[in-house]
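Order of appearance sets the numbers: ligands from 1, and atoms from 1 within every ligand. Residue numbers count from 1 along this sequence.
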Amino acid sequence: MDTRTPPQNLPEETLDPPDWSSVATLAHRIVDDAVDHVARLRERPVWQPMPDDVRAAFQTGLPQEPTPVEAVYGLVRDRVMAYPMGNIHPRFWSWFMGAGNFTGALGDFLAAVQGSNLGGGSHAAALLDQQVVDWLRDMVGFPEGASGALVSGGSVANLLALTVARNAMAGVDLREEGLAALERPLRFYASDQVHSCHRKAVETLGLGNKALRRIPTDDEGRIDIAALREAIAEDRAHGLAPACIIGTAGTVNSGAVDDLDALADLAAEQGLWFHVDGCIGALVAIAPENGWRVKGIGRAHSVALDPHKWLHAPFEVGCVVIRNRAIHRQTFAVSPEYLQATPRGIASGTWLHEFGLQTSRGFAALKVWMALMEHGRAKFGGLIDQNIGQARYLASLIEDEEQLSLQMPVELNIVCFRFDPGGLDEERLKAVNVEIMLRLQETGVAALSDTTIHGRHCLRAAICNHRTRRDDLDLLVAEVLRLGRQLAAPQPA
Ligand SMILES: *Cc1c(COP(=O)(O)O)cnc(C)c1O
């Protein structure tokens with residue numbers, strides 16, 4: 001070991017600036033630009049293709065020399081802020097994402113400034129994190145004493161819940177013995193509309209994709225309960241061990257909500273874990289007009305939900321809630337010698353890492369907390385109702401147009417439709433509709449995505465956006481018709 005003492009006369013370095021006042025000036029400018037960015041969203045394209053020279057700038061190597069932070073910010077402003085994905089724009093309806101909110105962005109900034117680590121401990125961030133989990137728990141109707149954890153998003157929330165379900169239902173000490181100790185292979189059940197993250201979860205859990213049995217859905221995209229019951233009986237007869245039913249509250253394709261009460265009944269009757277993937281629909285529970293659509297969600301053993309979707313928290317933040325706190329903790333808790341609790345001091349709080357896979361974790365709770373404090377629950381519930389109402393409005397516009405056809409009933413806020421002037425085969429219809437979608441994106445007018453339901457390709461608008469107005473949807477319909485007619489017209493010879 002080299003124990004020589006370094007020369008005492010060398011200056012000691014730090015990342016802090018020599019002059020805080022110039023940092024304050026820059027920070028004020030950044031805030032002014034940020035407010036302007038959001039205030040003037042509507043004037044900008046939803047998305048724009050990036051010029052080649054800007055794209056090339058992302059290929060430069062690791063910087064060796066310093067650059068003044070003002071210049072660094074200039075690069076961010078010109079190359080990054082100018083080319084967003086677009087999901088906070090009023091006419092972004094692709095996939096399923098929240099539209100963000102400025103208070104939440106300030107929360108993320110303050111969380112980073114404080115820099116607290118949510119691995120646990122006795123400090124305000126840890127308490128606030130647990131308070132947000134409690135609020136989300138209350139929203140889905142879970143009892144006091146249920147536990148939860150904030151995570152990066154819905155995929156990880158589902159993974160954690162399925163891990164708890166797997167361990168709770170294994171019948172052996174899976175943590176100690178591993179999957180090889182299972183007497184019979186475990187089976188999980190979900191509809192054929194289940195989100196792809198569940199496949200990743202069962203694969204990651206070592207159960208294999210086949211352990212997730214997909215059950216057919218009805219015309220509205222909801223799991224067929226009778227078929228599920230038969231599948232469970234058939235698996236038992238074949239020596240498999242049914243373990244968990246996954247209900248979906250809001251499918252990603254069409255927003256369908258499984259009959260959660262019926263699934264809770266069936267799970268209870270069969271002695272199975274009942275998990276709800278509520279990444280889209282769990283928060284509908286707080287919407288006064290539509291809350292009934294997710295009735296039964298509070299009866300689940302676990303729920304995954306996504307504040308960065310319908311609570312519009314800036315990315316990222318997901319949440320898992322687990323009814324049985326002890327089982328939740330038993331699944332993940334490890335107490336190494338370097339993470340022991342103390343009777344007083346920083347390590348006297350709850351070790352939050354005992355409820356998930358991450359040890360270090362950022363302070364994502366603050367952005368959720370600040371926005372909920374600012375607006376209150378009723379505002380968020382009302383915004384969810386508003387989006388569901390807007391989806392019905394869009395569906396009615398589509399139904400009024402001969403050349404547009406609605407492809408699925410609208411349950412929540414997802415509208416599946418396509419331009420179909422008649423006389424085009426499936427292949428040509430798909431080509432025309434994909435081209436409509438791409439031109440809408442490339443001209444910056446609107447962002448839709450697409451999917452295939454019951455073998456038919458369609459465009460898909462998911463209105464999870466507190467900035468959308470009905471006139472944005474009028475514009476969408478007019479543009480789809482205009483582009484469709486142009487594209488489907490016979491080409492001049
Ligand atoms: C979005 C979504 C997920 C995945 O959530 P992420 O936050 O994107 O990881 C899972 N299930 C459903 C139904 C979803 O809509």
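The single protein non-hydrogen atom nearest to atom 7 (O) of ligand 1 is Asp306 OD2, 2.6 Å, given as residue, atom name and distance. Nearest protein neighbour of atom 11 (N) of ligand 1, counting heavy atoms only, is Asp277 OD2, 2.7 Å. For atom 1 (C) of ligand 1, the closest non-hydrogen atom of the protein is Lys309 NZ, 1.3 Å. Looking only at protein heavy atoms, the nearest one to atom 4 (C) of ligand 1 is Ser155 OG, 3.4 Å. Considering only non-hydrogen protein atoms, atom 6 (P) of ligand 1 sits nearest to Gly154 N, 3.3 Å.
The pair Glu203-Arg199 meets the salt-bridge criterion, with a side-chain N (NZ, NE, NH1 or NH2) lying under 4.0 Å from an Asp/Glu carboxylate O. A salt bridge links Arg213 with Glu234: the closest approach of a Lys/Arg side-chain nitrogen to an acidic carboxylate oxygen falls below 4.0 angstrom. Checked for salt-bridge contact, Arg222 and Asp258 miss the test: no charged N lies under 4.0 Å from a carboxylate O. Taking the charged nitrogens against the carboxylate oxygens, Arg299 and Asp261 do have a contact shorter than 4.0 Å, which makes a salt bridge.
With Phe142 as the aromatic partner, Arg323 meets the cation-pi criteria of under 6.0 angstrom to the ring centre and within 45 degrees of the ring axis.
The side-chain contact (heavy atoms from CB on, under 4.5 Å) with His275 is formed by just one residue from the set Val303, Ile245, Thr248, Ile246; it is Ile246.
Listed by number with element, the atoms of ligand 1 under 4.0 angstrom from any heavy atom of Gly153 are 7 (O), 9 (O). Atoms of ligand 1 found under 4.0 Å from any heavy atom of Cys197, numbered from 1 in the order shown, are 10 (C). Every atom of ligand 1 is numbered from 1 in the order shown, and the set under 4.0 Å from a heavy atom of Asn158 is 10 (C). Close approach to Gly250 involves these atoms of ligand 1, each under 4.0 Å from a residue heavy atom: 13 (C). The ligand atoms of ligand 1 that sit less than 4.0 angstrom from a heavy atom of Ile280 are 15 (O). Counting the atoms of ligand 1 from 1 in the order shown, those under 4.0 Å from a heavy atom of His308 are 7 (O).
Every ring pair (Phe, Tyr, Trp, His ring centres under 6.0 Å) that Phe355 has, sequence neighbours left out, goes to His328.
Under the 30°/60° scheme for interplanar angles, the aromatic rings of Trp135 and Trp369 are found to lie parallel.
The distance from the CG atom of Leu228 to the CD atom of Gln270 is 8.5 Å, given to the nearest 0.5 Å.
Neither the backbone nor the side chain of Thr248 has a heavy atom within less than 4.0 Å of ligand 1. Contact annotation: for Glu316 versus ligand 1, there are no heavy atoms closer than 4.0 Å.
Using a 4.0 Å heavy-atom cutoff, Gly318 is absent from the residues neighbouring ligand 1.
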